[in-house]
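Input: a single structure, listed below in structure tokens.
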Amino acid sequence: MKKNYLIVFLILPLFVGCSITDQKFDKMMKNSFQSKGIASVDRLNQDDAQKYCSDPATLAGKGDPNRAEVIQKANMATIKQPASGKYMGDWKSGERVAQSGRGATWTDKPEAANGGGCYNCHQINKSEVSYGNLGPSLWNYGKLRGYGQEVVTYTWNRINNSKAYNACSNMPRYGHFNLLTEKQMQDVMALLLDPNSPVNQ
Amino acid sequence: MDHKRRDVLKYSVIFGLMASAGLITTAQAQEWNKAAFEGKSLDDVFKVLGAGKPETSSAITMIAPDIAENGAVVPIGMNTTLKAQQIAILVDKNPSALAAQFFIPAGSEPFVTTRIKMGQTSNVYALVKADNKWNVAVKEVKVTLGGCGG
Amino acid sequence: MADPMRVRATENGGVVDVKILMKHDMETGQRKDASGKAIPAWFINTVTAKANGKDVFKGELGPAVSKDPFLNFKYKGAKGDKISITWTDNKGEKRTDEANAT
Amino acid sequence: MIKYHANKALIAISLFLLHATVAQAQQAPTAEIEKYRAMIADGNPSDLYEMAGEELWKKKMGPKNASLEKCDLGMGPGIIKGVYAVLPKYFKDTDRVEDLESRVVSCMESLQGFSAKDIINGSFGKGKRKDVEAVVAYVVANSKGMTINVSVSHPKEKEMYELGKKSFFYQAGPMDFSCASCHADPGKRIRLQDLPNLTEQKGAALGWGAWPAYRVSSGTFWTMQYRLNDCYRQQRFPEPIYISDDTIAVSMYMAVNANGGKMAAPGLKR
């Protein structure tokens, strides 16, 4: 292990000019954060996708496409289809999940239910005027795309792990990181894909 | 920049002491219509104030936004051509309808603005007593959820 | 002791425009602290304004008035008027500050 | 309207079209929010913190019974006017790049004898930290309207900027967020709140130039340190330590990007 690190330290500066900054950066991060509540410092450890998407060049569209594909495949492999085979829950509960932006911060209790925070970034039901635009509008989601199994599976997968389709998607991986329960995700599915949901009127 | 404003300010503190020394009457400081503020509904408050069924008046202009970015601070005010003696601000869907009331002596303008809390989207009323007659104006203010919501 | 308020008064065409900011938490009595205990109501309930000793405005506030309350009113007056604002809260605490109309 | 085909391009196009029409319909509520902001702009309760801060600046306090009037915030001892527009900056005596809050804490320690460690371990709005916040309000108000002009001429300033940039893009935590997730594109919003693009001058000037601010939702005055602390909380990160290098580095990144813009703080925010 130690030997490997040594080699990396010796070789890296030849290729990457900023490795000194990298070491200083790691030290700075280590010294600048503390665990609080459920948010412990190990949250700063990055997985492959997070590493890849922390490079401004990647965000500017100059990332390595092969690496992106590897990340997408790995994330696709993490997605579990619902054990019961049931994709749709109750759209009314789904609306509540979409409205709430709570959960997973150091002020949240571990046992408290998380929200999806969907309206933070998406238009969903038109009657809610306070919505963000970081993500596309989901108004008439099912009405526009149809209610077929392919749409259902795609939507389920996107909610579970958006990085399966786009390595640097801005959408949280709700299933992958257990941010939402299976039932909550079924309810959000219904909000988007139940023909009776106000979203599809 | 702000220094002009600051110059205007002169502190004179220690009012508790003045009150206890009888320099102001405590009765004067403590007139507060408890029953009106404890009224739950609009009608409760109208009743306590003796406003009965106030008439809707176009002579009252409400100063309020259509949408409030946060319910903790909603600017509400009113202006009127009526000779207002008393002005009350009420919020239909707050736990207690009356937010504040104001008394306008002769020589003061029939105008006031303040900022209130609103728990949810609601109609807001400006109730005005002028020439011993009660008038009212209404406006809906939408309260939105904002930020990350966490 | 209560914190000072900020009083600004500007005369224009014989009308003095008075703007007041008061430092107060305006607790509604409906919030709970971290341990789930209700925080008791604590709010300014009366505000009186005098110009050169004469009453020019009176307000009765409920707990639905925002934290750090703001009030704006107008009266017929002149530059140099001495404006004195006093608030009282439901615990009997008081505060008076003064400003001259400019 | 459009029938579903298992065709990603079609989905993309329909999303795009939908998005365009939605953007237009959205203008109404945001325009109303602008009106709301204009209505509360006059009468910013941060004035009350400013007044308290001015008193605290001049008041003799602490184990050394001294005021802060000899504090060098970056333009020489006691100079307040315009100083917030040139911070963060490198200080020789502490051999560190400091933001305003870090510098005020340094002065409270060196001039007044208070323990910086105690202030760092404290909480926002409480104890000595409350005094720092009031002093910040007072100092910041004295740079209102001035041009942001933060230096990177010292090597440590340059380095702090680079570290801040790296941190700005550092994605981690259970929601995969970095500062850049929300603040690296123009025209974005969370709910109805505009998200300034902090990677370019115009957005950085808007963002950096508006804080510290009185926060309407909590009814408190938020310094930049408080603002950043809550950004990291919402990012689902662990807690940044008060006036730690990371918080100053990220501030440095935003401030330098904002150079040339106007300092509009103390602001009034949702």
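Sequence lines set the chain letters: A, B, ... in the order given, protein chains first and strands last, and positions in each chain run from 1. Below, each value reflects all heavy atoms present in this structure, side chains not excepted, and no hydrogens, waters or symmetry copies. A quick note: this is a predicted structure, and the numbers were derived from the prediction, not measured.
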Without placing hydrogens or testing angles, list every side-chain donor-acceptor pair under 3.5 Å for residues 136-149 of chain B, not counting sequence neighbours.
{"unit_1": "B:Lys139", "atom_1": "NZ", "unit_2": "B:Asp66", "atom_2": "OD1", "d": "2.4"}
{"unit_1": "B:Thr144", "atom_1": "OG1", "unit_2": "B:Ala68", "atom_2": "O", "d": "3.0"}

Any heavy-atom pair between the side chains of C:Phe70 and B:Thr113 that's under 4.5 Å? yes
B:Ala72 versus chain C, the contacting section by heavy-atom distance below 4.5 Å: backbone
Given heavy-atom pairs under 4.5 angstrom as the criterion, report whether the side chain, backbone, both or neither of B:Phe111 touches chain C. both
So, the side chain of B:Ser108 versus the backbone of C:Val56: is there a donor-acceptor pair under 3.5 Å, distance only? yes
Answer with side chain, backbone, both or neither: which region of C:Val15 has an atom nearer than 4.5 Å to a non-hydrogen atom of chain B? side chain
Minimum heavy-atom separation for B:Asn94 and C:Ala64, please, with both atom names. ND2-CB, 3.9 Å
Between B:Pro110, B:Pro95, B:Ser96, B:Gly77, which shows the greatest number of heavy-atom pairs under 4.5 Å with chain C? B:Pro95
Any side-chain heavy-atom pair of C:Val65 and B:Arg115 under 4.5 Å: no
Please flag which part of B:Ala106 lies under 4.5 Å from any non-hydrogen atom of chain C: side chain, backbone, both or neither. backbone
Any side-chain heavy atom of C:Asn72 sitting closer than 4.5 Å to one from B:Thr114? no
Is the ring centre of C:Phe57 less than 6.0 Å from the ring centre of B:Phe102? yes
Closest non-hydrogen atom pair, B:Trp32 against C:Asn45: CD1-O, 3.0 Å
Answer with side chain, backbone, both or neither: which region of B:Val74 has an atom nearer than 4.5 Å to a non-hydrogen atom of chain C? backbone
So which of C:Ser66, C:Ala51, C:Gly77 has the largest heavy-atom pair count under 4.5 angstrom toward chain B? C:Ser66
Quick check against the 3.5 Å criterion: does C:Glu60 have a side-chain atom that pairs as donor or acceptor with the backbone of B:Asn33? yes
